[in-house]
Amino acid sequence: MPLKSATLASATSRAMRSPRQLAVLTAMMLALTASAQTIEELRGQLKENWNVKDWPATEAIARRITALPQSTTDDWRSLARVLSIQKKADDAFAVRTELVGRPGAISEDFNAICWYQIERNRPVDARPACDRAVSLKANNWAALVNLGHTWLLVGDLGRAQEWYRKTLQHIQKDEEIQQGPLEDFNLFSRNGWAMAAVPTAKRWFEQAWPTLKDLRKRRFAATNDTSTLTKSQDAMMELLALRKQVISLVGDGDEADSFLLRYSLVVSSAIRRLILQDRQPDQAIAFVEKALQAASSELPDVD
């Protein structure tokens with residue numbers, strides 16, 4: 001609608017309202033304008049108190065912000081975080097339950113709800129939030145391991161192991177293992193939960209993690225020297241053999257694909273050398289054919 005027409009329509013609409021209605025609408029407009037100005041100031045105050053770790057003051061400001069109609073998912077997330085910092089788990093859970101019903105909820109929001117339920121040995125209640133967390137971020141190892149826990153705690157070690165294998169593919173640091181799965185298993189053991197399955201699950205992580213780290217190191221070592229065609233071929237065969245070991249350990253997926261990616265880089269480098277340096281395009285074609293044949297069992301079927 002053109003500005004002139006919009007102005008006329010607005011004026012006509014105002015003329016049809018009673019003085020009382022106009023007064024109420026004016027008050028609402030002023031309140032909205034004031035809160036819109038205030039929310040940024042409050043966010044600034046929240047940041048200042050957060051930086052000095054004044055958690056009670058931060059919580060009070062966060063609650064004022066979330067009471068405003070302009071509050072965002074990030075505002076609610078800040079409130080949940082400051083409540084968690086203060087060990088107010090039930091309050092944080094209530095806030096996150098509100099948060100995940102709003103636009104912009106992320107994997108970590110659902111995973112926090114999942115973990116709250118797991119900590120209370122309510123795996124069935126936890127599972128829907130865990131599922132949602134994984135669906136939003138497939139490489140969220142914390143959500144993946146929690147989804148596994150929801151099966152472990154009901155005694156289904158087989159289903160739990162499926163998710164634990166996916167978890168390990170996305171863990172990169174020793175601290176993540178220690179502070180994630182292993183600490184979780186320690187909690188379960190202290191509480192006497194699923195004692196028939198927990199020791200086995202913990203032992204698997206303790207044994208599988210060093211093995212995976214070694215396979216990752218060997219993936220890089222295999223391509224340290226590809227200066228000749230023979231060395232390139234040796235590297236390619238080594239990568240395919242390592243990939244099979246990875247699949248045996250953690251299943252097919254991103255981790256196994258990383259070995260195929262490394263394989264393709266070796267092939268690409270060899271082809272480039274044959275064509276640009278050695279000027280042997282026919283040999284390059286033959287090399288590609290052999291490389292594809294060697295990797296044919298590793299490549300996904302294409303319909």
Side-chain angles (χ1 to χ4, degrees), residues 107 131 133-145 147-148 151 158-174 176-177 180-181 201 204-303:
S107 175
D131 273 324
V134 170
S135 71
L136 287 172
K137 189 177 180 181
N139 65 349
N140 184 346
W141 67 261
L144 288 164
V145 76
L147 188 50
W151 292 104
R159 293 289 294 273
Q161 193 65 42
E162 293 175 14
W163 293 104
Y164 291 158
R165 295 176 83 196
K166 293 177 186 293
T167 298
L168 202 60
Q169 296 185 45
H170 301 290
I171 287 181
Q172 302 298 326
K173 303 175 182 177
D174 290 339
E176 293 171 343
I177 283 286
W204 181 83
F205 270 102
E206 290 173 334
Q207 295 174 350
W209 173 238
T211 302
L212 181 60
K213 285 198 300 180
D214 179 64
L215 289 169
R216 287 172 175 173
K217 288 180 182 177
R218 291 168 65 187
R219 179 184 63 199
F220 286 103
T223 56
N224 280 343
D225 185 1
T226 56
S227 57
T228 68
L229 204 59
T230 299
K231 289 180 178 179
S232 293
Q233 291 171 327
D234 290 343
M236 290 157 55
M237 294 303 100
E238 174 72 3
L239 287 167
L240 293 181
L242 291 172
R243 183 176 185 272
K244 289 180 180 178
Q245 294 181 53
V246 166
I247 292 174
S248 176
L249 182 69
V250 296
D252 205 350
D254 292 345
E255 189 70 44
D257 286 349
S258 70
F259 287 78
L260 276 185
L261 175 60
R262 203 79 176 172
Y263 181 94
S264 68
L265 292 175
V266 174
V267 173
S268 176
S269 177
I271 293 170
R272 187 166 59 249
R273 185 169 58 248
L274 285 168
I275 293 176
L276 299 180
Q277 181 178 319
D278 299 341
R279 304 296 181 179
Q280 297 180 11
D282 291 342
Q283 191 172 351
I285 293 172
F287 182 83
V288 171
E289 291 176 347
K290 289 181 180 179
L292 289 174
Q293 183 178 4
S296 60
S297 62
E298 311 292 333
L299 298 174
D301 293 331
V302 178
D303 295 331

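FYI, the numbering just counts along the sequence from 1.
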Original post:
What heavy-atom pair brings Ala256 and Ile247 nearest, and what distance separates the two atoms?
Top reply: CB-CG1, 3.7 Å

Original post:
For the residue pair Glu238 and Ala222, what are the closest heavy atoms and their distance?
Top reply: CG-CB, 3.7 Å

**OP:** State, yes or no, whether a side-chain contact exists between Tyr164 and Val145 at a heavy-atom distance under 4.5 Å.
**Re:** yes

Subject >> Partners passing side-chain contact (heavy atoms from CB on, under 4.5 Å) against Ser135 (at least two apart in sequence or in another chain) >> reply: Arg132

Original post:
Is there a side-chain contact (heavy atoms from CB on, under 4.5 Å) between Leu168 and Trp204 once you walk through the steps?
Top reply: CA-CA 11 Å; Leu168 202 60; Trp204 181 83; 3.8 Å; yes

Subject >> Nearest non-hydrogen partners of Trp141 and His170, listed with the distance >> reply: CD1-O, 3.7 Å

Original post:
Under the side-chain hydrogen bond (donor to acceptor under 3.5 Å, both in side chains) criterion, do Arg273 and Thr226 qualify, and how do the steps go?
Top reply: CA-CA 11 Å; Arg273 185 169 58 248; Thr226 56; 5.1 Å; no

Subject >> Separation between NZ of Lys231 and CG of Asn224, rounded to the nearest 0.5 Å >> reply: 11.0 Å

Original post:
Out of curiosity, Glu176 CD to Trp209 CH2, how far, rounded to the nearest 0.5 Å?
Top reply: 7.0 Å

Subject >> salt_bridge(Glu255, Arg165) N-O dist < 4.0 Å >> reply: no

Original post:
Would you say the side chain of Thr223 lies within less than 4.5 Å of the side chain of Leu239, judging by non-hydrogen atoms?
Top reply: yes

**OP:** Could you walk me through whether Asp131 and Leu147 pass side-chain contact (heavy atoms from CB on, under 4.5 Å), step by step?
**Re:** CA-CA 7 Å; Asp131 273 324; Leu147 188 50; 3.5 Å; yes

Subject >> Nearest heavy-atom neighbours spanning Ile171 and Pro181 >> reply: CD1-CG, 4.3 Å

Original post:
Step by step, would you call Trp151 with Gln161 a side-chain contact (heavy atoms from CB on, under 4.5 Å)?
Top reply: CA-CA 9 Å; Trp151 292 104; Gln161 193 65 42; over 6 Å; no

**OP:** State the NZ-CG distance between Lys244 and Leu242, to the nearest 0.5 angstrom.
**Re:** 11.0 Å

Subject >> Step-by-step side-chain contact (heavy atoms from CB on, under 4.5 Å) determination, Asp257 to Arg243 >> reply: CA-CA 8 Å; Asp257 286 349; Arg243 183 176 185 272; 3.9 Å; yes

Original post:
Taking atom NZ of Lys213 as the centre, does the number of heavy atoms from other residues, nucleotides or ligands within less than 6.0 Å exceed 12?
Top reply: yes

Subject >> Main-chain N/O of Leu261 paired to Ser264 side chain as donor or acceptor, under 3.5 Å >> reply: yes

Original post:
For the atom pair CD1 (Ile177) and CZ (Phe205), what is the distance rounded to the nearest 0.5 Å?
Top reply: 5.5 Å

Subject >> Interatomic distance, Met236 atom CE to Leu260 atom CG [nearest 0.5 angstrom] >> reply: 11.5 Å

Original post:
If you take all heavy atoms of Leu136 and Ser107, which pair is closest and at what distance?
Top reply: CD1-N, 3.8 Å

Original post:
Between OG of Ser232 and CG of Leu265, what distance do you get to the nearest 0.5 Å?
Top reply: 11.5 Å

**OP:** Answer whether the closest heavy-atom distance between the side chains of Asn139 and Lys137 falls below 4.5 Å.
**Re:** yes

Original post:
Under 4.0 Å between a Lys/Arg side-chain N and an Asp/Glu carboxylate O for Lys166 and Asp254?
Top reply: no

Original post:
Does some side-chain heavy atom of Glu289 sit less than 4.5 Å from a side-chain heavy atom of Ile285?
Top reply: yes

